[in-house]
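First up is the structure itself, then whatever we jot down about it.
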Amino acid sequence: MPTSSPRVIYWFRTDLRLHDSPALIHALSLSPSILYPIWTWDPYYVYHSRIGSNRWKFLLDCQNNLSASLTALNPKSKLFVIREAPQTLFPKLFKAWGITHLVFEKDTDAYARERDGRVIELAREAGVEVIVKPGRTLYDSDELVKENKGKPTMSINQVQAAGAKIGDIPRPLLAPKSLPDPGETDLDFKQERPNRDHDANSNPRKEIENTYSALAGPNGDFAVPTVAELGIQEASTPHRGGETIALKILDEIVADSDYTATFEKPKTAPTAFEPQATTLLSPHLHFGSLSCREFYWRVQGVVDKYKGKASQPPTSLTGQLLFRDMYFGAQASLNYSFRQTYNNSQCRFIPWHLPSEIDSKSGLITGKYHIDNQEALEWFTRWREGRTGFPWIDALMRQLKQEGWIHHLGRHAVACFLTRGGCYVDWERGAEVFEEWLIDHEAACNIGNWQWLSCTAFYSQFYRCYSPIAFPQKWDKEGKFVRRYCPELATFDAKYIYEPWKAPIADQKSWGCLIKGDGEQNEEGKFMVYPNPMFDFPERRDICIRAMKNAYSVGLYGDDPRVVDGSWRKLFNNAAEDLTEGNDGPPEGEWS
DNA sequence: CCGGCGGTTGACATT
DNA sequence: GAATGTCAACCGCCG
């Protein structure tokens, strides 16, 4: 094999950037004669991950921006988007393009490990050398787990201790200044099209989907697909993707040394919009249009020079990145069980409503759920659609759906409300909604935060419960945020903005909006209509706290044999009004 | 094995 | 208006 002039494929996945990409820099250090920067459309991504139209758009923004940056370095180059599953594409591609090396950034989620393991195997069979470099997190997640005595990182303390053993967080690398030519791009092999019998994205896909029309796309030019090609609805988010934008946002943040050095997450306002109180860099970290180490060291540089008193992890800006590493470490260690309660050694078992259906063969969640309680289903539906009758919750859910982003504390509020602090619905239901709608959806962080907020892992102070009335008042007494996202309440007196059902009917009429019904009705005559609250919150809070206390005293975790075989039901009192009854739930169909 | 303390982001009353 | 204490009482961590 002519390794003297390597012909390299650089496989972009969750690292859509040129700055600080250890894997890309390594690929270039091979002095390739030929370099193909490619993306492959993985059917697992296209049909099995929940991706709303806003996140699709953000991804395409990132791909377009990256492709333009590659072309700026070499007019012959670009991001070559190939429409086939990597597991079937690569053997054909290695042969067709005479490839000697395949380089990509390490990914440690359960599916990615499986996929990449297969690709590495295929490369070995083809005599292609594979180089994998970590770069997605501050620390290599596997190394972090290893230094945490081989256990999942479940507290920020553990991350800091394990991180200290690993050593300094790598300094960012410069973007390449030149790029080798790509070789010939003929593809004289047959495209293998994926089976489309399942489509997790039928929701955002309201048009004809044509992702796999041809290997190099409809025009045969390997172009980044359009929204129309993917069949996705137009995005409603104002947030835009791409490395150029990410670096500009970062520049603006670090230019404000007070903001950067004294940032304390719990003090930032979840009610702030235009501009938001936090950085909005999370979607860029997800798609890799910003390197987390670039972010870390740029912020640390400001902190080191700062004359005043700087904030410290975990509440500081760099602390936020440590939490991200914590969740990646837990995910890397627990693999498929991380994303579910069932079989998860770290996740408490709580007999929530609407529990996940479990595939009895694999022990994995199927994406469907049991409807054990009609009232809980109605509450979940109203929560999802932003018509709970609690303006703070509804405003957040509407912002989430429209813009694909809500403030971290807003996520706390709606997650607590759906699970342990209101509806007593399974955190996995909430995580699925966030998975679809968030532009910054990062499986590790989303799952970890849902476990945190539902007090099933990472956190356990279930008696600290967010009030949909008191909590937002800490930042926004006037209710400006609610008025923006629930415009039917725009003219309500601040006194009633978080509990409009308390406003006298005469006032409701003079403010043009009646408080009634369940949110199905939007207007009545000349009046707008906003729903009544779907339950009495203080009552629900008490019921939930009591039920949590009981479930904690039973003390089961997801991998307990009694959870696995369904006999957990005997440990809960079915007759009590404490939401501990379980007529339905895991494991699927095996408890009777 | 114990007790005390702190835990990214509670609510409410009091100072 | 900010800071502190109390509520009831969870866990992980440290000595």
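For the numbers below, each heavy atom of this structure counts, side chains included, while hydrogens, waters and symmetry mates do not. A note on names: the letters A, B, ... follow the listed sequences, proteins ahead of strands, and every chain is numbered from 1.
Using a 4.0 Å heavy-atom criterion, one finds that Trp475(A) contacts no nucleic acid atom at all.
Side-chain N/O atoms of Glu442(A) and His286(A) include a donor and acceptor closer than 3.5 Å.
Each salt bridge (Lys or Arg N to Asp or Glu O under 4.0 Å) pair with one or both residues in residues 328-343 of chain A, not counting sequence neighbours, would appear here, but there are none. Listed by first and then second residue, the ring-ring contact (aromatic ring centres under 6.0 Å, His included) pairs involving residues 136-170 of chain A amount to none (not counting sequence neighbours).
Salt bridge Asp61(A)/Lys57(A): present, at least one basic N to carboxylate O contact under 4.0 Å. Looking at Arg411(A) and Asp440(A), a side-chain N of the basic residue comes within less than 4.0 Å of a carboxylate O on the acidic one, giving a salt bridge.
Here the two rings, on Trp392(A) and Tyr485(A), have centers that are 6.0 Å apart or farther.
Here the shortest heavy-atom pairing between Gln508(A) and Ile515(A) reads OE1-N, 3.0 Å. Between Asn446(A) and Leu438(A), the shortest heavy-atom contact is OD1-CD1, 4.2 Å.
Of the residues in residues 401-416 of chain A, those placing a heavy atom less than 4.0 Å from an atom of DNA chain B are His408(A), Leu409(A), His412(A), in numerical order. Residues of residues 265-274 of chain A that place a heavy atom closer than 4.0 Å to DNA chain B, in numerical order, are Lys265(A), Pro266(A). In the region residues 292-325 of chain A, proximity to DNA chain C at under 4.0 angstrom, judged on heavy atoms, holds for none of the residues.
Between Tyr466(A) and Phe471(A), the two ring planes are perpendicular [angle over 60°; tilted spans 30° to 60°].
In terms of the ring pair (Phe, Tyr, Trp, His ring centres under 6.0 Å) criterion, residue partners of Phe434(A) (sequence neighbours excluded) are, by chain and number, Trp450(A). Qualifying side-chain contact (heavy atoms from CB on, under 4.5 Å) partners for Leu571(A), counting only residues two or more places apart in sequence or in other chains: Val554(A), Leu556(A), Arg562(A). The side chain to side chain donor-acceptor pair (under 3.5 Å) test applied to Glu243(A) returns His19(A), not counting sequence neighbours. The ring pair (Phe, Tyr, Trp, His ring centres under 6.0 Å) check on Trp379(A) picks up Phe535(A), with sequence neighbours excluded.
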Handout entry: Dot-bracket encoding of pairs in DNA chain B, which uses [ ] for pseudoknotted crossings and | for another strand, Watson-Crick or G-U under 3.5 angstrom
Key = .||||||..||||||

Could you run down the sub-3.5 Å N/O contacts of the protein with nucleotides 6-9 of chain C?
{"unit_1": "dA9(C)", "atom_1": "OP1", "unit_2": "Lys549(A)", "atom_2": "NZ", "d": "2.4"}

Look for any protein N or O under 3.5 Å of an N or O in nucleotides 12-15 of chain C and output each such pair with its distance, or none.
{"unit_1": "dC13(C)", "atom_1": "OP1", "unit_2": "Ser155(A)", "atom_2": "OG", "d": "3.2"}
{"unit_1": "dC13(C)", "atom_1": "OP1", "unit_2": "Gln158(A)", "atom_2": "NE2", "d": "2.9"}

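Looking at Trp427(A) and Thr341(A), their side chains come closer than 4.5 Å, going by heavy atoms from C-beta outward.
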